Asker: 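Below you'll find the structure I mean.
Labels below follow one simple rule: chain letters A, B, ... track the order of the sequence lines, proteins then strands, and each chain is numbered from 1. Computed from a predicted structure; not experimentally measured.
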There are 2 protein chains.
Amino acid sequence: MQPKADKRFGEPARDKGLARLIDVARAAGVSRSTASNVFNNPDLVRPNLRQRVEAAARDLGYLGPDPKGRLLRAGKFNAIAVMPPSDWGIVDSLRNPVFNLFLRGVGEACDSIGANLVIISDGTGVDGIRNALVDGFIFGRVEHLREIEPARLRRLPFAVVDFDPGPGVGSVRADAHAGGYAAAKHLLDLGHRRFGVLSFLRQRSTARFHPAGLPRGPEAVGMPTDQEKYRGYADALAEAGIDIADVPMVQADPWDKSAASMLLDAAPRATAFLSMAVMQAMELVAEARRRGRSVPGDLSVVGYNDIPEAARFDPPITTVDGMVVEKGRVAARLVFAGGPPRHEILQPQLIIRGSTGPAPA
Amino acid sequence: MQPKADKRFGEPARDKGLARLIDVARAAGVSRSTASNVFNNPDLVRPNLRQRVEAAARDLGYLGPDPKGRLLRAGKFNAIAVMPPSDWGIVDSLRNPVFNLFLRGVGEACDSIGANLVIISDGTGVDGIRNALVDGFIFGRVEHLREIEPARLRRLPFAVVDFDPGPGVGSVRADAHAGGYAAAKHLLDLGHRRFGVLSFLRQRSTARFHPAGLPRGPEAVGMPTDQEKYRGYADALAEAGIDIADVPMVQADPWDKSAASMLLDAAPRATAFLSMAVMQAMELVAEARRRGRSVPGDLSVVGYNDIPEAARFDPPITTVDGMVVEKGRVAARLVFAGGPPRHEILQPQLIIRGSTGPAPA
DNA sequence: GTTTCATTTCGGATCGATCCAAGTATATTT
DNA sequence: AAATATACTTGGATCGATCCGAAATGAAAC
């Protein structure tokens with residue numbers, strides 16, 4: 001993904017025939033400081049001098065102070081970096097609809113203060129962090145402390161999402177347990193008692209079917225947040241006397257289209273499905289309909305995270321708003337705010353739409 | 001959109017208690033150059049010295065050369081800027097599904113050479129261009145030459161999309177005429193003879209219905225590319241003896257949901273619809289179905305541009321692949337390549353899916 | 001016509017690093 | 001052991017601007 005950016009050095013402005021501030025100053029017969037002021041504090045310079053400098057600048061084709069030099073003094077980049085998850089590139093970040101939501105949140109905060117948004121190519125690579133020309137970092141998804149170590153060493157403000165790296169670092173997360181709980185509770189309230197679960201796989205591989213619940217160990221249900229969702233499901237089901245270990249589950253990569261099909265085969269009598277991803281939920285609904293089962297008549301599906309497409313889907317998908325946009329906003333604010341690191345926890349909201357209905361009699 | 005980013009200057013590293021290269025060098029009892037080499041050309045430094053410098057760096061908590069200083073010498077940012085269309089912010093760029101496609105193309109090129117992608121907040125503002133810490137610019141959508149003038153003055157490589165600013169500037173565009181032509185031709189080949197057109201409005205306002213074709217003047221059919229699509233439609237229809245001036249058209253903002261409804265009312269007998277936006281096409285299909293008309297049985301719809309959602313839609317939308325991702329790729333390559341400005345023209349492809357079928361008998 | 005005070009202008013120092021020509025230590029050859 | 005080749009190190013210059021205290025200018029006051 002990164003054949004080490006070409007290191008040929010840019011030529012100095014002089015050699016390119018470009019005017020520098022000092023050239024303008026000389027041409028106008030004033031000092032560098034005065035010329036600088038013409039561009040940055042015009043009020044301090046008397047009109048006649050100012051005009052002379054401006055004329056000189058025009059003649060030399062000088063547009064204004066070079067950001068490089070200015071930057072060196074100012075020490076501020078007016079930009080914030082988003083680090084894509086470990087093994088992603090820029091494209092993956094842009095393509096993933098949920099991450100896109102997150103970027104939007106960050107972008108909103110950037111827009112509001114006029115800062116630029118930088119997506120780092122070399123994700124969590126040390127070089128990417130060391131050389132990024134930004135005032136702070138946002139880590140889109142982190143699994144290990146060591147991924148954020150270089151940022152801490154650079155002593156730039158940064159924030160981490162969906163991962164609590166301890167007291168020294170700002171972080172935002174959504175209460176995925178509450179989100180999962182709400183999703184399952186909704187289906188229970190509608191009278192459903194036979195469930196199926198669609199979950200992420202941590203590593204890329206083909207879909208797997210688990211006839212009886214959660215295999216043990218950390219690798220089990222995807223990312224830590226997915227494990228929280230799972231426990232949220234489990235707790236809600238438990239209240240209705242259902243042991244989630246008895247609920248069939250398919251684990252699959254989001255791109256794996258066979259997952260929906262596999263789950264419907266595996267849980268032929270289930271009427272309620274909990275999906276940890278809204279894309280998988282849509283795929284499940286589509287597959288169910290292809291098989292002639294009506295949604296939400298015969299079966300109900302709840303997704304997780306709310307992308308715009310879910311609302312346009314036929315039927316519109318009932319899903320949990322995982323507060324992803326808000327997460328981006330908050331993360332950016334944590335970085336811009338400076339100050340002592342804070343930890344924010346957001347509350348997901350269930351959004352009831354058309355993919356869920358009463359359990360069939 | 002931009003309350004002028006806070007200009008407080010970052011403090012010098014010294015004052016923050018941060019070590020600089022020179023501090024490390026002093027602590028290790030070597031020259032700055034040698035210390036620099038330890039980080040950049042370790043092979044040049046004998047092991048014992050190197051270890052001394054590394055130890056000193058560790059003791060002082062120095063991670064490596066500060067990108068600011070390095071940058072000043074190197075003159076290269078290893079980043080490329082995307083300028084959102086004039087009145088957009090970062091959020092708008094990320095939200096718009098077609099622009100997102102474009103960003104992906106740019107991102108792909110960035111990933112391949114390990115460069116960062118910067119989305120500029122102050123779109124075409126002069127300051128945004130003047131101060132951006134990037135090696136080149138890509139203008140996502142430009143309507144006036146003056147918008148790119150600051151970039152030209154900065155003498156950084158840049159490329160423009162869907163707009164031909166003349167020989168001096170690199171540009172990429174898709175042949176929208178060909179795309180429009182292909183869309184209309186496809187419907188004609190299927191036997192359709194009664195059409196309706198759904199087009200963009202240039203300015204935000206409520207949907208407008210044009211019972212008889214294109215009003216004159218440049219403001220007529222949205223952006224210049226849309227005018228090309230329109231002429232593409234017109235030329236294809238003309239070959240079948242249909243004057244596009246007789247085809248009902250609704251112009252609307254993409255977000256305006258009333259447009260689909262308005263067009264169906266206005267063209268009750270039409271069986272074929274040409275939409276300049278794929279989102280509008282989906283909305284039109286949805287509305288038609290809501291009215292009990294089958295797609296593609298009773299009527300056919302062709303969109304323009306291919307977003308992933310279109311393929312997942314029920315029915316999958318027949319649309320023109322406007323080569324948006326490729327546009328992004330090419331634009332980025334034009335910028336990275338340097339050399340004399342080139343002008344690339346891409347050929348759109350019709351993608352036949354489920355929203356079009358034979359005209360009803 | 002000085003003196004006083006506010007307004008402009010100036011030049012040296014600085015931001016943090018890298019390049020480069022020149023100098024010094026080490027290794028090799030004879 | 002001296003001469004030469006090679007491998008490391010070094011300090012000065014530089015990248016392009018801004019800051020800041022001091023100097024110069026101009027206006028107002030006496």
Asker: Would you say the base of dC8(D) and the side-chain of T34(B) have a donor-acceptor pair closer than 3.5 Å?
Answerer: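 Counting by modelled atom types and ignoring angles, no donor-acceptor contact under 3.5 Å is found here.
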Asker: Nearest-Å distance, CZ (R26(A)) to C1' (dA17(D))?
Answerer: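 Value for this atom pair: 14 Å.
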Asker: Rounded to whole Å, how long is the line connecting atom CG of N37(B) with atom P of dC20(C)?
Answerer: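 After rounding, the gap between these two atoms is 12 Å.
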Asker: Quiz question: going by heavy-atom distance under 3.5 Å, is there a donor-acceptor pair between the base of dG11(D) and the side chain of S31(B)?
Answerer: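 No, no donor-acceptor pair under 3.5 Å.
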Asker: Hey, is the side chain of N40(B) poking within less than 4.0 Å of OP1 or OP2 on dT18(C), counting only N and O atoms?
Answerer: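 Checking N40(B) against dT18(C): at least one side-chain N or O falls below 4.0 Å of OP1 or OP2.
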Asker: From dT9(C), dA17(C), dC15(D), pick the nucleotide closest to the side chain of R20(A)?
Answerer: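 Side chain of R20(A) sits closest to dC15(D).
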Asker: Checking N100(B) against R95(A): is there a side-chain donor and acceptor pair closer than 3.5 Å?
Answerer: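 Their side chains do not contain a donor-acceptor pair, so the 3.5 Å distance test is not met.
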Asker: With side-chain contact (heavy atoms from CB on, under 4.5 Å) as the criterion, how do V53(A) and V45(A) come out once you've worked through the C-alpha distance, each side chain's angles and the decisive distance to 0.1 Å?
Answerer: CA-CA 10 Å; V53(A) 172; V45(A) 182; 5.9 Å; no
Asker: To the nearest Å, give me how far apart NZ (K68(A)) and P (dT14(D)) are.
Answerer: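 After rounding, the reported distance stands at 17 Å.
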Asker: Does R70(B) make a side-chain N or O approach to OP1 or OP2 of dT18(C) shorter than 4.0 Å?
Answerer: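 Answer is yes, contact under 4.0 Å.
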Asker: Tell me yes or no: between the side chains of S31(B) and T34(B), is some donor less than 3.5 Å from an acceptor?
Answerer: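 Note: S31(B) and T34(B) side chains meet the donor-acceptor criterion.
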Asker: Is F39(A) touching bases, backbone alone, or none of the nucleic acid, heavy atoms closer than 4.0 Å?
Answerer: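 The answer is nothing, as F39(A) stays clear of every strand by at least 4.0 Å.
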Asker: Kindly indicate whether the side chain of R32(A) and the base of dG12(C) share any N or O donor-acceptor pair separated by less than 3.5 Å?
Answerer: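 Under the 3.5 Å cut-off, the side chain and the base do form a donor-acceptor pair.
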Asker: For the aromatic rings, using the six-membered ring if either is Trp, is the centroid distance between F77(B) and F77(A) under 6.0 Å?
Answerer: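 So the answer is no for these two rings.
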Asker: For the residue pair R52(A) / N48(A), report whether a side-chain donor-acceptor contact shorter than 3.5 Å exists.
Answerer: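 No donor-acceptor contact under 3.5 Å links the two side chains.
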Asker: If you only use heavy atoms from C-beta on, which nucleotide in dA17(D), dT14(D), dC10(C) is closest to the side chain of R73(B)?
Answerer: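 Nearest listed nucleotide: dT14(D).
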Asker: Mark yes or no for a side-chain to base donor-acceptor pair under 3.5 Å between S36(A) and dC19(D), with no hydrogen or angle criteria applied.
Answerer: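 For S36(A), whose side chain was compared with the base of dC19(D), there is no donor-acceptor pair (under 3.5 Å).
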Asker: Whole-Å distance between dA17(D) P and L133(B) CG?
Answerer: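 In whole Å, dA17(D) P and L133(B) CG are 13 Å from each other.
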Asker: Heavy atoms from C-beta onward define the side chain here; which of dA17(D), dT9(C), dT9(D) lies closest to that of V45(A)?
Answerer: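 Shortest atom-to-atom distance from the side chain points to dT9(C).
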Asker: In whole angstrom, what separates N48(A)'s CG from dT9(C)'s P?
Answerer: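 Rounded to whole Å, this separation is 7 Å.
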Asker: Could you work out which one of dT10(D), dT18(C), dT18(D) sits closest to the side chain of S33(B)?
Answerer: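 The listed nucleotide nearest to S33(B)'s side chain is dT10(D).
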Asker: Both L21(A) and P47(B) contact DNA chain D. Taking the nearest nucleotide for each, which residue is further toward the 5' end?
Answerer: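 Nearer the 5' end of the strand: P47(B).
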Asker: Of the candidate nucleotides dT10(D), dT9(C), dT26(C), which contains the atom at the shortest distance from the side chain of R46(A)?
Answerer: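 Side chain of R46(A) sits closest to dT9(C).
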Asker: Rounded to the nearest angstrom, tell me the gap between atom CG in L71(B) and atom P in dG16(C).
Answerer: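 That distance rounds to 13 Å.
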Asker: Looking only at the side chain of V30(A) (C-beta and beyond, no hydrogens), which of the listed nucleotides dT9(C), dT9(D), dC10(C) gets closest?
Answerer: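 Nearest listed nucleotide: dC10(C).
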Asker: Out of dA17(D), dG11(D), dG16(C), which has the shortest distance to the side chain of D66(A)?
Answerer: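 For D66(A), the side-chain atoms sit closest to dA17(D).
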Asker: Between L60(A) (CG) and dG16(D) (P), how many Å, whole number?
Answerer: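 My rounded result for the distance is 15 Å.
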Asker: Using a 4.0 Å heavy-atom cut-off across all strands, classify L49(A) as base, sugar-phosphate, or nothing.
Answerer: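 Here L49(A) touches the backbone only, sparing every base.
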Asker: Quick one: which of dG16(D), dC19(C), dT9(D) gets closest to the side chain of L72(B)?
Answerer: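 So the nucleotide nearest the side chain must be dG16(D).
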Asker: Donor-acceptor check, side chain of D111(A) to backbone of I90(B), threshold 3.5 angstrom: yes or no?
Answerer: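 Checked: pair present.
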Asker: Think Y62(B) has a side-chain N or O under 4.0 angstrom from the OP1 or OP2 of dG16(C)?
Answerer: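 Checking dG16(C) against Y62(B), no side-chain N or O comes under 4.0 Å of OP1 or OP2.
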Asker: In whole Å, I'd like the distance from the CD1 atom of I22(B) to the P atom of dT18(C).
Answerer: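 About 13 Å, once rounded to whole Å.
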